[in-house]
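Structure, as structure tokens:
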Amino acid sequence: MSYTDHYERDIYGIIAFWVQNNFDHGRFFDREISHYELELARTNQYMIQRLGSILEKAKSKKTDVGILIDEAKHATREFHSLLTYTMDKALRCEVIISTPQSLLDHMIREAEETISVFKLIQSGKQVSPADATLHENYFWLRQMADHLRFISHYLDPSNYELHDRVREMTKKFDNLFLQANALTTMIRRPRNEVLPVLHSFNQMVIKEAKALETFKLELDDLIKQCAAVTTSPPDLLEHIAREAHHLWRNLEEQVIL
């Protein structure tokens with residue numbers, strides 16, 4: 001498998017993780033913009049270049065952290081504005097793109113989470129393990145279920161066995177997301193400890209997220225070998241495998257970042 005986890009848990013690594021998510025989204029979106037939408041394509045290309053430049057700075061670890069995080073936050077806000085503007089246009093049938101509106105919404109939510117994480121870093125606040133794991137489950141389990149639906153969207157209908165596996169896993173993550181929603185309201189603040197029921201749920205999610213990461217990487221290999229019929233963007237499966245890895249690792253370490 002070509003994917004390995006290079007996510008260093010220093011501030012530069014955290015910034016790089018989130019900037020790369022948005023950079024990848026821009027690249028995936030680029031291939032789905034109609035050639036009639038020249039202004040949208042140009043603006044998105046500008047965002048790709050800008051986020052790519054910030055990503056390289058984060059990887060080099062040579063830029064002052066305060067300056068870098070401000071630049072990353074500002075660029076993410078601009079990308080978020082582009083996506084929300086495009087989704088509004090798409091919902092009104094005023095733009096020609098092949099990206100589903102639910103995928104635009106998915107990318108918008110991750111841009112919003114990126115800004116929230118950057119603000120959390122800048123504030124220096126500490127989040128309790130219970131609050132951290134409830135948040136990560138609530139946010140990322142919906143994203144994981146989305147990923148499976150997008151895999152299905154890109155897979156050719158002739159991949160019957162793969163579609164069956166994706167449907168089965170989608171149902172599992174839909175249920176986990178519903179359970180995360182229930183626990184978020186059942187376990188009320190102040191959340192001073194990780195209750196046994198939350199610990200048990202976290203372990204369940206960790207197990208399923210690891211299995212999902214493995215599945216995504218197996219499918220990534222098939223796609224790169226041209227052994228699965230699909231219209232998936234290049235590196236999409238690596239991108240979403242990295243996010244599954246991020247989820248289970250954050251649950252193990254009981255952090256948001």
Side-chain angles (χ1 to χ4, degrees), residues 1-31 44-83 103 106-127 132-133 135-136 139-140 142-144 146-147 150 206 209-210 212-213 216-217 220 224 233-257:
M1 295 179 183
S2 57
Y3 166 88
T4 54
D5 175 41
H6 296 302
Y7 181 9
E8 296 180 49
R9 290 293 170 124
D10 60 2
I11 293 180
Y12 287 104
I14 292 165
I15 295 170
F17 171 83
W18 287 100
V19 171
Q20 181 161 357
N21 280 2
N22 292 285
F23 170 70
D24 287 350
H25 288 165
R27 291 191 302 112
F28 300 150
F29 183 42
D30 178 67
R31 74 195 293 273
N44 188 59
Q45 274 290 333
Y46 166 76
M47 290 310 312
I48 293 169
Q49 292 165 9
R50 188 170 177 196
L51 290 164
S53 173
I54 296 168
L55 178 59
E56 290 308 310
K57 290 179 185 179
K59 288 180 176 178
S60 73
K61 302 186 179 184
K62 293 178 181 178
T63 304
D64 175 80
V65 167
I67 294 172
L68 181 64
I69 203 164
D70 277 337
E71 188 176 355
K73 187 168 65 174
H74 187 68
T76 305
R77 280 187 175 135
E78 287 194 1
F79 185 52
H80 175 271
S81 295
L82 174 65
L83 292 174
L103 179 49
H106 176 96
M107 294 190 290
I108 289 166
R109 279 184 268 120
E110 284 196 25
E112 290 168 345
E113 184 70 2
T114 302
I115 295 166
S116 295
V117 167
F118 290 163
K119 286 180 177 178
L120 179 61
I121 294 171
Q122 289 176 317
S123 74
K125 280 180 58 179
Q126 297 296 314
V127 181
T133 55
H135 173 84
E136 292 302 276
F139 177 76
W140 282 110
R142 182 177 179 186
Q143 302 301 94
M144 296 299 114
D146 281 354
H147 290 163
F150 301 146
I206 288 168
K210 286 181 176 180
L212 179 59
E213 179 186 14
K216 290 171 176 177
L217 294 176
D220 183 61
K224 287 176 177 172
D235 305 327
L236 172 65
L237 274 296
E238 282 190 28
H239 170 88
I240 59 179
R242 187 175 67 247
E243 292 184 355
H245 187 101
H246 175 86
L247 169 59
W248 68 254
R249 187 169 169 180
N250 275 16
L251 292 180
E252 286 192 338
E253 298 179 10
Q254 299 185 332
V255 297
I256 298 171
L257 290 176

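Everything numeric here is computed off the predicted structure, so don't read it as measured data.
- By the 4.5 Å heavy-atom criterion applied to side chains, His106 and Arg142 are not counted as neighbours.
- The line from OG1 of Thr114 to NZ of Lys73 is 12.5 Å long, rounded to the nearest 0.5 Å.
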Go through the steps to decide whether Glu110 and Gln143 satisfy the test side-chain hydrogen bond (donor to acceptor under 3.5 Å, both in side chains), and finish with yes or no. CA-CA 9 Å; Glu110 284 196 25; Gln143 302 301 94; 3.1 Å; yes

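- For the pair Pro233 and Phe28, the tightest heavy-atom approach, listed with the atom from each and the gap, is CB-CD2, 3.7 Å.
- For the atom pair CG (Leu103) and NE2 (His147), the distance works out to 9.0 Å, reported to the nearest 0.5 Å.
- Between Asp24 and Arg27, at least one side-chain N (NZ, or NE/NH1/NH2) sits under 4.0 Å from a carboxylate O, which counts as a salt bridge.
- Taking CG of Leu217 as the reference point, atom CG of Leu212 lies at 9.5 Å (rounded to 0.5 Å).
- His246 has its side chain within reach of Trp18: a pair of non-hydrogen atoms, C-beta onward, lies under 4.5 Å apart.
- Rounding to the nearest 0.5 Å gives a distance of 10.5 Å between CD of Glu113 and CG of Asn21.
- Residues Asp220 and Lys216 are not paired through a salt bridge, judged by the lack of any N-O separation under 4.0 Å between the basic side chain and the carboxylate.
- Nearest heavy-atom pair across Leu51 and Ala75 is CD2-CB, 4.0 Å.
- Annotation: His25 is not in aromatic contact with Phe79 [ring centroid separation under 6.0 Å not met].
- A salt bridge links Lys210 and Glu252; the closest N-O separation between the charged side-chain nitrogens and carboxylate oxygens is under 4.0 Å.
- Listed here is the closest heavy atom pair of Ala58 and Tyr12: O-CB, 3.6 Å.
- For the residue pair Arg9 and Ile14, the shortest heavy atom distance occurs at O-CD1, 4.3 Å.
- Checking side-chain atoms of Ser60 against main-chain N and O of Lys57 turns up a donor-acceptor pair under 3.5 Å.
- A 6.0 Å sphere centred on CD1 of Ile11 holds no more than 12 heavy atoms belonging to other residues, nucleotides or ligands.
- At least one donor-acceptor pair under 3.5 Å links the side chain of Ser116 to the backbone N or O of Glu112.
- The two residues Ser123 and Leu120 have their closest heavy-atom pair at OG-O, 2.8 Å.
- Across all non-hydrogen atoms, the minimal contact from Thr76 to Ala111 is CG2-O, 3.5 Å.
- Interatomic distance, CD1 of Ile240 versus CZ of Phe150, reported as 9.5 Å (0.5 Å rounding).
- Using a 4.5 Å cut-off on side-chain heavy atoms (C-beta onward), His135 and Val127 make no contact.
- Within the 4.5 Å cutoff, the side chain of Gln45 has heavy atoms near those of the Ile48 side chain.
- At least one side-chain heavy atom of Val19 sits less than 4.5 Å from a side-chain heavy atom of Phe118.
- Between Tyr46 and Glu78 there is a side-chain heavy-atom pair separated by less than 4.5 Å.
- Looking at His74 and Asp70, their side chains never come closer than 4.5 Å, going by heavy atoms from C-beta outward.
- Here Met144 contributes atom CE and Trp248 contributes atom CH2; the two are 12.5 Å apart, rounded to the nearest 0.5 Å.
- One N or O on the side chain of Asn44 and one on the backbone of Gly26 form a donor-acceptor pair closer than 3.5 Å.
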